[in-house]
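Please read these numbers as outputs of a predicted model, since none were measured by experiment. As the structure lists them, so they are numbered: ligands from 1, and atoms in each ligand from 1.
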Amino acid sequence: MSHIPEFRNYIAGQWVRSSSGATFENRNPANRNEILGVFQRSTAKDAEQAIRAAGEAFARWRLMPAPRRGEILFRVGELLLKRKEEFAQQMTREMGKVLSETRGDVQEAIDMSFFTAGEGRRLYGHTTPAELPNKFAMSVRMPLGVCSLITPWNFPMAIPSWKLIPALVCGNTVVIKPASDTPQSCFNLVQICEEAGVPAGVVNFITGSGGELGGPLMTHAGVKLVSFTGSTETGRAVSAACAPGFKHCNLEMGGKNVIMVMDDAHLDLAVEGAVWGGFGTAGQRCTAASRVVVHKKVYKEFVEKLAGRTKSLRVGNGLDPHVDMGPVINQAQLETVEKYVEIGKKEGAKLLMGGHRLESGEHAQGFFHEPTLFGDVSPKMRIAQEEIFGPVVSVIPADGLDQAVEVANDVPYGLSASIYTQDVNKAFVAMRDMYTGIFYVNASTIGAEVHLPFGGTKQTGNGHREAGIQALDIFSEWKSIYVDYSGKLQKAQIDHD
Ligand code: UN1
């Protein structure tokens, strides 16, 4: 039997075992017999220790000049870059998505590090005239303190970096808990932080179940902010848990994103966008294009082309360079996909391609499902309304732009949308009228870049935006400062005439 590595928690700068003495396995979703490592099954006591360590470290980290913090984060980017290929390979093993995508995932963490490191020398506030003579006014960003970061499995390094790096540049300290399906990529990021010189206690890492660790991470008196990415259902519970303690709470949740294809669209390009958006990451992105609304005039031609391309996709182990789509993350996700395929069929949608799990030959030991395409979907069907988070795409016919936009907006989520058209007027109408946080013209619904705000409307989020300079508003609080150098009592609003 080959040696199975054990990975530890990282608390107060020490790599430590859980107080439970128990571990859980990290398995490859393309081959469930392959155990990649065991991780700590942490307890509430471990979480409390991590929160305490972060609280102690905050006293020093907040006083380190922000440009110095930025320099350390720049080094995080450099070290990630050096090990990009190794980390991408490990990520494909634990998460399943193809190697080109896991390279992109690590690259996103690199981009985030380099972009945000520069904020160490900006973190701009404002100076503004005061209304009274000999008085000075300014506003500055202050760190909050200890932040709990709870991260998902679909972007196992990118999303932790979206939270961790901006939190640190602002002067906060963190406890990060990755999804139990993909703990190693987050472990790699944390280890790089240590190597880059992030001081002990500033970043703490604990693994284990949300059920056990969520309590202290969301309600402990020492925690000031909870940042969560995951399902809308869990996000609602996070929000409720944060409310009694008035913790800041930043949520990134579900999506039911749409591509609109107009009759003047470059159809082949739109087909490529639909394939990439729908089946990239096996549809397990919050930005996935799970709906395509197509103008009736080009519907038949578009659907034929899309079905043809869907059929040509090769499903398998993401380490194989010939594979287009890997497995889904686990058994539960596979069952969810199967459940929705049945729902779609019952609702009367037309199954155009796929619809089955793959269980023989090279697929026998993994959680594989065919890329699945439904046509003639009507906008109110559950497969057109609910987030499936798997390789299932619903194609919906529409009469024209107005109806397409109406249908596109008529879902509970508002993360990402796109339009394929050659008509600039239509593009601008859609840009204005789609109620989403992200919009694309002649591109798919995925492909967000780290220097722009990321997040959504409606049940996708609670008003925050990650990434970009907007992430600084999550991880800092404004303080307005007035300096009166008049030497006398001056009264704002009252000394007016
Ligand atoms: C997610 O789907 O959870 O735009 C994040 C994209 C990626 C990030 C997606 N850069 O698809």
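Ordered by chain and residue number, the residues placing a heavy atom less than 4.0 Å from ligand 1 are E108, N154, F155, I159, W162, R285, C286, T287, I446, G447, A448, F454.
Donor-acceptor pairing under 3.5 Å is lacking for the side chains of T421 and K426. For the residue pair N26/E94, the side-chain donor-acceptor check at 3.5 Å is satisfied.
Residue pairs meeting the ring pair (Phe, Tyr, Trp, His ring centres under 6.0 Å) criterion with at least one member in residues 88-121, sequence neighbours excluded: F74-F114. Applying the ring pair (Phe, Tyr, Trp, His ring centres under 6.0 Å) test to residues at least two apart or on different chains, the pairs with a partner in residues 430-477 are W162-F454.
Considering only residues two or more places apart in sequence or on other chains, F205 meets the ring-ring contact (aromatic ring centres under 6.0 Å, His included) condition with F187.
In the displayed structure, L319 atom CG is contacted under 6.0 Å by more than 12 heavy atoms of other residues, nucleotides or ligands.
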